[in-house]
Structure formats: C-alpha cells, structure tokens
Amino acid sequence: MSLSEQELIRRDNLEKIRALGIEPYPSSAYPVTHTAAQIHNQYTEDHSEDFKEVILAGRLMMKRIMGKASFAELQDNSGRIQIYVNRDEICPQEDKTMYNTVFKKLLDIGDFIGVRGFVFTTRTGETTVHVQELELLSKSLKPLPIVKTDAEGQVHDAVTDPEFRYRQRYADLVVNADVKEVFVKRTKMYNSMREYLNAKGYLEVETPILQPLYGGAAARPFKTHHNTLDMTLYLRIANELYLKRLIVGGFDGVYEFSKDFRNEGMSRFHNPEFTQIELYVAYKDYEWMMNTVEEMIEKVAIDVTGSTKVEVGDHVIDFKRPWKRYTMYGAIEAFTGVDISEMDEKAMRVTAQEIGVGLDPSMGRGKIIDEIFGEKCEPHLIQPTFITDYPVEMSPLAKKHRSKAGLVERFEAICNGKEISNAFSELNDPIDQRERFEAQLELGKRGDDEAMVLDEDFLRALEYGMPPTAGVGIGMDRLAMIMTNSSSIQDVLFFPQMKAEE
RNA sequence: GAUCGGUUAGCUCAGCUGGUAGAGCAAUACACUUUUAAUGUAUGGGUCCUGGGUUCGAGCCCCAGACCGAUCACCA
C-alpha cells in the first residue's frame with residue numbers, strides 16, 4: 001500500500017507527538033460533561049456561571065490558526081461547536097510547545113481531542129468553548145474529505161460519490177451531517193413499532209435465520225452448508241412459517257424484526273439482505289390487520305417525522321387514517337376503466353393487449369392480473385392505499401376469501417408507488433395448505449425457481465391446529481426510505497452490499 | 001442481465017481540433033491574540049480506473065475489461 005503525501009505527514013506527526021512524550025492513543029476514560037448540542041441549546045450569557053467548566057470530546061474538524069490565538073471546530077455525536085484556543089492559556093508556563101507545536105502543527109483534522117474550558121460568546125455572536133486544557137485522545141492517520149459549510153448554511157465540496165459514501169460509511173457519517181439523521185430516524189421507526197406492539201401485549205421473538213427449508217415467500221434463497229451436521233442450510237427468505245408455528249404453540253401475538261436474504265437482482269429498491277417486521281395475531285383477520293397497520297404506521301410517521309405528512313420526492317404523503325382502500329379488481333377498473341373481474345384468462349389476455357400491458361405466454365390468470373395491476377395501478381398509488389383480495393394462485397399461504405371465489409383474503413399497502421406491506425388472513429386449514437404447497441411443487445417442476453417448497457414440519461404444526469390468525473409483513477427498508485425521503489435503499493442501510501473492491 | 005452516463009491531486013471539479021496536467025479546498029513553510037468557507041505570501045503533491053490499439057505524439061480517438069450510478073427487466 002502506498003501512502004499519499006498527506007498520510008506520510010500524519011504518520012510523521014504521530015511520531016513527533018510520541019517523541020514529545022504524549023501518548024497519541026491514551027487508554028483512560030475521558031470525563032466528558034457536555035455535548036456540543038447541550039451547550040448550543042442551554043447556554044446564554046445570563047447564566048454563564050453554569051458553564052464555567054465544561055469538558056467535551058470529539059473530532060477536530062477545522063482549524064483557523066491566527067498566531068497566538070486560534071479558533072477550531074470540535075464535532076461530537078451531537079454536532080459541532082467552536083473552540084477558542086489561546087497560547088498562554090493552554091501553556092501558562094514558559095514552555096509553549098503544546099500550543100505552538102502540538103496544537104498548531106501536529107494536530108490534524110479528524111483527530112479526537114478533549115477540551116476543558118468555559119463557554120462564552122464571541123464578538124461575532126458565536127457560542128464558543130474557551131479552552132483551558134487540551135488533550136489528544138486519538139490520532140487520525142487518514143485525511144477526511146473536507147466539506148465546508150458557509151454562513152448561509154451552503155455546503156461546499158460535499159462528498160456525494162455514492163461509491164465512497166457506501167463503501168466508507170464511517171467517513172460519510174463523519175463528514176455528511178444529514179446521514180446520521182437518516183439512521184437515527186430509522187431507529188426511531190423501530191422503537192415506535194416496538195412501543196406500539198408491546199403496548200398491545202405482543203411478544204417480540206427470534207426465529208432461525210439458518211433454515212433447513214426456506215419458505216414464506218416466493219424468492220430464490222442463499223444456500224450454505226453446516227460442516228458438523230453435514231447438511232445444506234438456507235438463509236431465510238421470510239420468517240412467516242416459524243412465527244405461525246409459535247401461534248400454533250399458543251402465543252396470541254408474536255412479532256420479529258427479521259433480517260431476510262434473497263438471492264436476486266440488486267437495485268435501488270433491493271439489497272440482498274433486508275429487514276421486514278412480521279406480525280401474527282391470533283383470532284384476527286385481514287380486515288382487523290388493515291386497521292392495525294394503518295394505526296401503527298400513522299404513529300410511526302408522527303414519531304419519526306413529527307407529522308402524519310411526510311415529504312417524499314415531489315410529493316407529500318399523508319399517513320393520516322383512514323387510508324384509501326381498493327380491491328384489486330376495483331383498482332384495475334379505476335385506473336384502466338376495464339372491469340376484468342368476470343373475465344377468463346383468454347379475455348384477460350386480449351384486454352391486457354388493448355391497454356398495452358405486455359404478457360408472457362407462461363402467465364396464468366393470477367399472474368396476468370398482477371401484471372396489469374403492477375403496470376397500470378401501482379405506480380400511481382402515491383398516498384398510502386390498501387389493495388385487497390388477490391388471486392389465489394399467487395398467495396399459497398393465504399386463506400381463501402370468505403365470499404369471493406378464486407380470491408384470497410390478502411392485502412398489500414402501497415405507498416409512493418411501491419409495496420410496503422403484505423398481509424393476509426392466514427391459511428390454517430392443513431389440508432388446503434398441503435394442496436397449495438403441492439401446486440407450488442408443480443410450478444417448481446415447470447422451472448419456477450421461486451416456487452415454494454413443501455414444508456412437512458410446518459404442515460404437522462398446522463395439523464395440531466392453528467387459530468384463525470392475521471399476519472403481516474412490512475418492509476422496514478422501504479418504509480425507512482419513505483420516512484427519510486431517501487431515493488435508494490442504499491441510503492437507509494449503513495453498509496449496503498457492494499461488489500468487491502479491486 | 002440490457003441500454004446510457006461517470007471514473008483526472010487527500011476532497012470537489014475543469015481540461016480546447018490529439019501537442020509537456022489545471023483550479024479551489026486540504027497539506028507544507030512563514031506572518032497574524034475574537035476568527036468563522038478566516039486572511040496574506042510561498043511551496044510540494046498525479047498509475048488521468050486497467051489492458052491493448054491507432055498515431056511522430058493519447059487524459060482526449062478505437063477495442064476489451066473493472067467499478068459506480070441512472071433507467072429497464074425480476075423481486076420486497
């Protein structure tokens with residue numbers, strides 16, 4: 001590895017610091033008393049007495065050196081604050097090395113320092129820490145990208161290269177203030193949901209990620225191998241089947257934030273690993289679940305953004321209840337003007353052609369409906385909308401509709417033109433479930449590599465009896481994109497999957 | 001996987017018809033005791049993504065490849 005000029009200088013500075021008898025990586029705890037944000041929020045000149053002694057720690061992010069007194073900026077977890085460093089104050093004795101050499105020359109942007117001092121307001125009105133003691137806490141050897149913000153808040157030379165930002169998220173976080181905010185919001189989203197579900201008495205659980213059979217969704221899995229057991233294992237594509245086993249076992253409500261893995265294409269909406277929350281509640285149906293999802297996500301929007309109205313791209317999305325509801329046929333009729341509910345496969349094909357939806361000859365009736373919906377309706381559904389009653393062929397784990405033949409009791413929540421949630425009245429008839437699995441096996445034999453596999457153990461569980469149950473999955477990454485106004489999934493994942501470097 | 005765009009100093013970006021590689025910030029040196037994108041003066045810093053080709057000569061043109069992004073296809 002060859003080092004740049006600046007990296008060599010920093011290594012040289014490190015040695016010089018050591019030569020002065022200063023440990024560049026001290027191990028003692030540093031007694032921080034304040035954060036930058038606390039001082040900005042709480043300090044006023046009227047009660048400067050309360051800020052006579054503050055201790056802060058963080059990265060040195062900017063130096064404005066001016067002879068015997070300098071200004072610099074310290075960045076901690078909460079933000080930035082200016083510090084004032086005066087030579088004769090940090091070096092009261094004859095020896096001015098700490099200021100002249102260490103502070104002015106050997107400290108670099110990115111170094112962690114600790115400062116003790118008092119808070120005051122400068123002539124230009126900036127709240128500043130007047131430093132009386134300065135300590136190096138950790139030396140930085142690699143120069144950070146320099147991003148500057150001027151008085152108008154205008155950011156100069158922002159690091160926008162996605163490759164740099166995703167591969168070196170640690171540096172992205174240091175340098176781009178708003179990135180942290182995205183991830184704080186993401187965590188708030190999780191907390192908000194936990195709060196909501198725990199208050200209802202549902203139990204947060206954990207189920208296997210390494211599974212001998214993958215199930216619960218139509219997707220290609222990652223495959224791995226356990227050496228001792230000498231068996232093939234799959235990374236889960238969904239946790240549905242395990243959570244339903246827990247409902248069989250007698251829990252009334254269980255949920256899991258589930259990291260799932262799908263061995264499929266990547267795009268700004270797809271990362272090979274992603275997170276869903278799945279929730280299963282006994283003695284409920286999909287109608288109940290729609291109300292629950294609505295209520296929960298409305299709360300999430302308020303907890304995360306402070307409002308039910310969330311700005312996303314060019315739109316303002318309002319999560320205020322109640323959300324619009326369409327049946328799938330109803331949505332198709334609303335957006336194309338054609339009622340296809342009574343059509344057979346042949347008639348549907350003709351209709352699809354007429355309205356300009358391209359079809360594959362292998363597609364069955366259910367798939368055709370989905371295709372028309374995906375082409376003609378979904379992209380237009382910006383405000384949160386429930387689509388209900390899906391064709392049975394596409395939903396092997398959902399209960400048949402109580403009154404409409406050929407359909408299942410299923411809904412998806414669509415928002416900003418994308419699915420964010422999928423739910424059904426769960427199929428609990430073990431014989432029906434076996435037949436549905438068998439139909440999937442047929443699809444598999446015909447070459448559908450996303451067809452589900454038959455899970456005997458799951459069927460055994462259902463045979464013991466599962467209460468009527470409503471289940472839902474909500475895509476956490478997709479929801480995070482909406483709640484943080486991010487246009488790609490990579491922006492809401494700390495470390496999105498990337499090709500290997502070099 | 002397909003199409004299009006990008007890749008030049010630590011960072012953000014220029015780079016003419018193909019003729020010795022540029023700026024700002026950062027860095028280095030000096031000056032400066034309330035600055036704030038601090039300022040002034042000076043200096044150093046390049047595998048122009050990689051490999052071929054055309055040419056007297058390639059950052060630029062041609063071919064192949066790598067990585068990133070956008071759009072499309074599949075999927076959540």
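Throughout, protein chains are lettered first and strands after them, A, B, ... in sequence-line order, and every chain is numbered starting at 1. Below, each value reflects all heavy atoms present in this structure, side chains not excepted, and no hydrogens, waters or symmetry copies.
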Practice item. Assess whether one donor atom and one acceptor atom, taken from the side chain of A/Gln6 and the base of B/rA26, lie less than 3.5 Å apart. Key: yes
Give the rounded distance in Å between these two atoms: [atom1] of [X] and [atom2] of [N].
X        : N      : atom1 : atom2 : value
A/Asp12  : B/rA27 : CG    : C1'   : 13 Å
A/Lys142 : B/rG10 : NZ    : P     : 9 Å
A/Phe118 : B/rU34 : CZ    : C1'   : 12 Å
A/Met61  : B/rA26 : CE    : C1'   : 12 Å
A/Glu419 : B/rC74 : CD    : P     : 15 Å
A/Met266 : B/rA76 : CE    : P     : 17 Å
A/Arg11  : B/rU28 : CZ    : P     : 15 Å
A/Tyr390 : B/rA76 : OH    : P     : 11 Å

Check your understanding: In terms of side-chain geometry, is the basic nitrogen of A/Glu7 or A/Arg10 positioned less than 4.0 Å from the acidic oxygen of its partner?
Key -> no
Check your understanding: In terms of side-chain geometry, is the basic nitrogen of A/Arg268 or A/Asp491 positioned less than 4.0 Å from the acidic oxygen of its partner?
Key -> no
Exercise for review: Using a cut-off of strictly less than 4.0 Å, decide whether A/Arg167 has a side-chain nitrogen or oxygen near OP1 or OP2 of B/rC68.
Suggested key: yes
Does any nucleotide pair with [N] by Watson-Crick or G-U wobble geometry, both distances under 3.5 Å, and what is it?
N      : result
B/rA31 : B/rU39
B/rG18 : none
B/rG59 : none

Is the NZ or CZ atom of [X] positioned over [Y]'s six-membered ring, under 6.0 angstrom from the centre and within 45° of the axis?
X        : Y        : value
A/Lys418 : A/Phe269 : yes
A/Lys63  : A/Phe103 : yes
A/Arg87  : A/Tyr99  : no

Point to revise | Test log, rule ring pair (Phe, Tyr, Trp, His ring centres under 6.0 Å), inputs A/Tyr255 and A/Tyr280 | key: CA-CA 6 Å; A/Tyr255 71 93; A/Tyr280 292 82; over 10 Å; no
Point to revise | Nearest-nucleotide comparison on RNA chain B, the residue closer to the 5′ end among A/His130 and A/Ile146 | key: A/Ile146
Exercise for review: Specify the residue among A/Asp477 and A/Asp108 whose closest nucleotide of RNA chain B lies further upstream toward the 5′ end.
Suggested key: A/Asp108
Point to revise | Near-parallel close stack of A/Phe269 and B/rA76 base (under 5.5 Å, under 30°) | key: no
Study note, to complete from the structure: Partner of A/Phe386 under ring pair (Phe, Tyr, Trp, His ring centres under 6.0 Å), picked from A/Tyr286, A/Phe411, A/Tyr326, is A/Phe411
Point to revise | Short side-chain donor-acceptor distance under 3.5 Å, A/Tyr43 and A/Gln38 | key: no
Which protein N or O atoms sit under 3.5 Å from an N or O of nucleotides 48-51 of chain B?
none

Practice item. Take atom C1' in B/rC67 and the same atom in B/rU50, then report the distance between them in whole Å. Key: 11 Å
Check your understanding: Mind checking the C1' distance from B/rU54 to B/rG44? Whole angstroms is fine.
Key -> 37 Å
Point to revise | Closest to side chain of A/Arg262, choosing from B/rA37, B/rA76, B/rC13 | key: B/rA76
